[in-house]
Amino acid sequence: MRFKNNKSIVGIDFGTYAIKAAEIEIRENEKYVKRFGSVVYPESVIENGEIQNVPLLSELISNLWKESKFESKDVAISWKSENEFVRVLTLPLLPDRELYEAVKLEISSRYEVDVDLVAFDYAVLDRDEKNQEMKVLVAGIPKESASTIFNIFKELNLRLKTLEPEFICQLNLLKPDKDNLMLLNIGAKVTTLYICKEDVVNVIRTLRFGGDDITQVIASTLNVSVEEAEKWKRDIFPQEVGYSKIMVSEALLNTFLTLLREINRSIDYFYQLTYVYPSRIILDGGGSLTIGLRDYLARELSLPVDILDLNSIIKNSIDLPNPNLYSIAIGAALSGSGYKCPYKFLDNLEFGRISV
């Protein structure tokens with residue numbers, strides 16, 4: 001799933017309501033965002049990791065290429081966790097030629113997965129010569145979904161180079177350091193939580209909280225439509241000074257409390273694993289821009305909270321508005337360019353459940 005010597009590639013994030021894409025270019029070992037674009041779904045196209053309307057998805061991708069004027073025909077896709085299989089396996093130390101069959105056998109014997117219906121890939125995380133063991137990260141999606149995606153891009157004369165789990169695309173954007181980090185990617189419907197002890201990911205969880213919850217709270221509080229509430233959230237709330245803002249703020253605090261409870265549960269679990277606590281929080285995704293959320297989390301958790309800064313990885317050569325809306329697409333493009341995710345993973349990490 002990797003390739004070399006390509007100067008640019010387009011990363012794609014199939015979001016809840018839109019396809020977002022970013023083309024990165026590699027110049028003198030630095031990575032630059034060259035172009036970006038998005039196209040909104042006019043109707044449901046992908047649900048629970050399954051493609052519902054192939055002709056429409058193909059048309060939308062074609063329109064995206066034309067409108068955004070992408071030059072590269074190489075594509076890297078981020079695949080969401082709703083229908084994927086990710087495990088870290090411990091296997092006997094094996095030569096590369098025997099690894100595929102060993103991984104296949106391990107999946108079929110230990111998990112409720114028909115491995116013949118799954119398209120999977122793997123990467124060796126560590127080889128322990130002393131104990132004659134190896135750690136292998138395995139990720140898979142339904143073979144039918146993988147084949148459909150591949151054929152869509154082939155018919156559009158585009159080359160699918162990498163199909164990467166979304167959590168890898170996310171972690172591509174975060175450099176490990178001596179701090180124990182918590183990363184929250186707040187999407188439209190869910191929040192993905194990561195907690196890392198230095199360069200090891202110990203916890204990945206999907207929390208039922210997203211930007212749509214915030215929009216619904218505003219709509220019900222002000223008795224307005226969802227469309228009006230979305231506009232209020234984006235454009236009016238920051239400037240509002242009247243009673244409406246007080247009402248919405250109080251209602252949002254109750255919504256934030258649900259997220260806070262799940263974060264605290266995750267922190268407790270992380271402590272049981274590592275005997276340390278996170279030292280700071282990083283926010284990403286469209287929902288991370290919600291007014292008041294950053295200050296609320298900082299106050300309630302007594303931790304510094306920052307928005308993910310992409311500049312340590314990407315040197316923006318264009319004016320990219322709200323780069324956090326395109327972070328997953330950029331992370332996918334990084335995977336496609338051969339960038340190696342800088343994180344390791346806890347041995348018993350299990351994330352996602354595939355259904356075929």
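FYI, the numbering just counts along the sequence from 1.
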Closest non-hydrogen atom pair, [X] against [Y]:
X	Y	result
Ala18	Val40	CB-CA, 3.9 Å
Leu325	Gly286	CD2-CA, 3.3 Å
Asn172	Gly331	ND2-O, 2.9 Å
Ile77	Phe153	CD1-CE1, 3.3 Å
Trp79	Ser145	CZ2-CB, 4.2 Å
Lys20	Ala329	O-CB, 3.6 Å

message: Atom CD of residue position Glu144 - does it have more than 12 heavy atoms of other residues, nucleotides or ligands inside 6.0 Å?
response: no
Please tell me if the side chains of [X] and [Y] come closer than 4.5 Å, counting only heavy atoms from C-beta onward.
X	Y	result
Leu297	Leu283	yes
Lys344	Leu125	no
Leu163	Asp121	no
Leu259	Asp213	no
Val103	Ile107	yes
Thr255	Phe209	yes
Ile263	Leu184	yes

Excluding sequence neighbours, so at least two apart, what forms salt bridge (charged side-chain N to carboxylate O under 4.0 Å, His left out) with [X]?
X	value
Asp212	Lys189
Asp177	Arg280
Glu71	Lys34, Arg35

- request: Go through Ile26 and Lys31 one step at a time and tell me if the side chain to side chain contact (heavy atoms under 4.5 Å, CB included) criterion holds.
  value: CA-CA 5 Å; Ile26 303 173; Lys31 298 173 179 64; 4.1 Å; yes
What donor-acceptor contacts under 3.5 angstrom involve side-chain atoms of residues 298-311, with partners at least two apart or in another chain?
from   : atom 1 : to     : atom 2 : distance (Å)
Asp306 : OD1    : Arg294 : NH2    : 3.3
Asp309 : OD1    : Asn311 : N      : 3.0
Asp309 : OD1    : Asn311 : ND2    : 3.1

- prompt: Excluding sequence neighbours, so at least two apart, what forms side-chain contact (heavy atoms from CB on, under 4.5 Å) with Arg265?
  reply: Arg205, Glu262
task: May I ask you to decide if Ser225's main-chain N or O and Glu228's side chain share a donor-acceptor pair within less than 3.5 Å?
output: yes
task: Using modelled atom types only, decide if a donor and an acceptor are shared between the side chain of Ser279 and the backbone of Asn180 within a distance under 3.5 Å.
output: yes
Determine whether [X] and [Y] fall in the same hydrophobic cluster, where Ile, Leu, Val, Met, Phe, Trp and Tyr are linked whenever their side-chain heavy atoms lie under 4.5 Å apart.
X	Y	value
Leu222	Val226	no
Leu334	Tyr326	yes
Leu183	Ile330	yes
Phe14	Ile328	no
Met182	Leu257	yes

query: Do the rings of Phe120 and Tyr122 sit parallel, tilted or perpendicular, given the 30° and 60° boundaries?
result: tilted
- prompt: Angle class for the Phe256/Tyr296 ring planes (parallel below 30°, perpendicular above 60°, tilted otherwise)?
  reply: tilted
message: Do Asp284 and Ser327 pair up side chain to side chain, a donor and an acceptor below 3.5 Å, judged on atom types alone?
response: yes
Value rounded to 0.5 Å, distance of OH in Tyr339 from SG in Cys169: 12.0 Å
task: Find the distance between NZ (Lys178) and CG (Asp199) and round it off to the nearest 0.5 Å.
output: 12.5 Å
For residues 58-69, run the donor-acceptor check on the side chains, cut-off 3.5 Å, and write out each pair with its distance to 0.1 Å, sequence neighbours left out.
from  : atom 1 : to    : atom 2 : distance (Å)
Asn63 : ND2    : Glu59 : O      : 3.3
Trp65 : NE1    : Ser72 : O      : 3.2
Ser68 : OG     : Leu64 : O      : 3.0

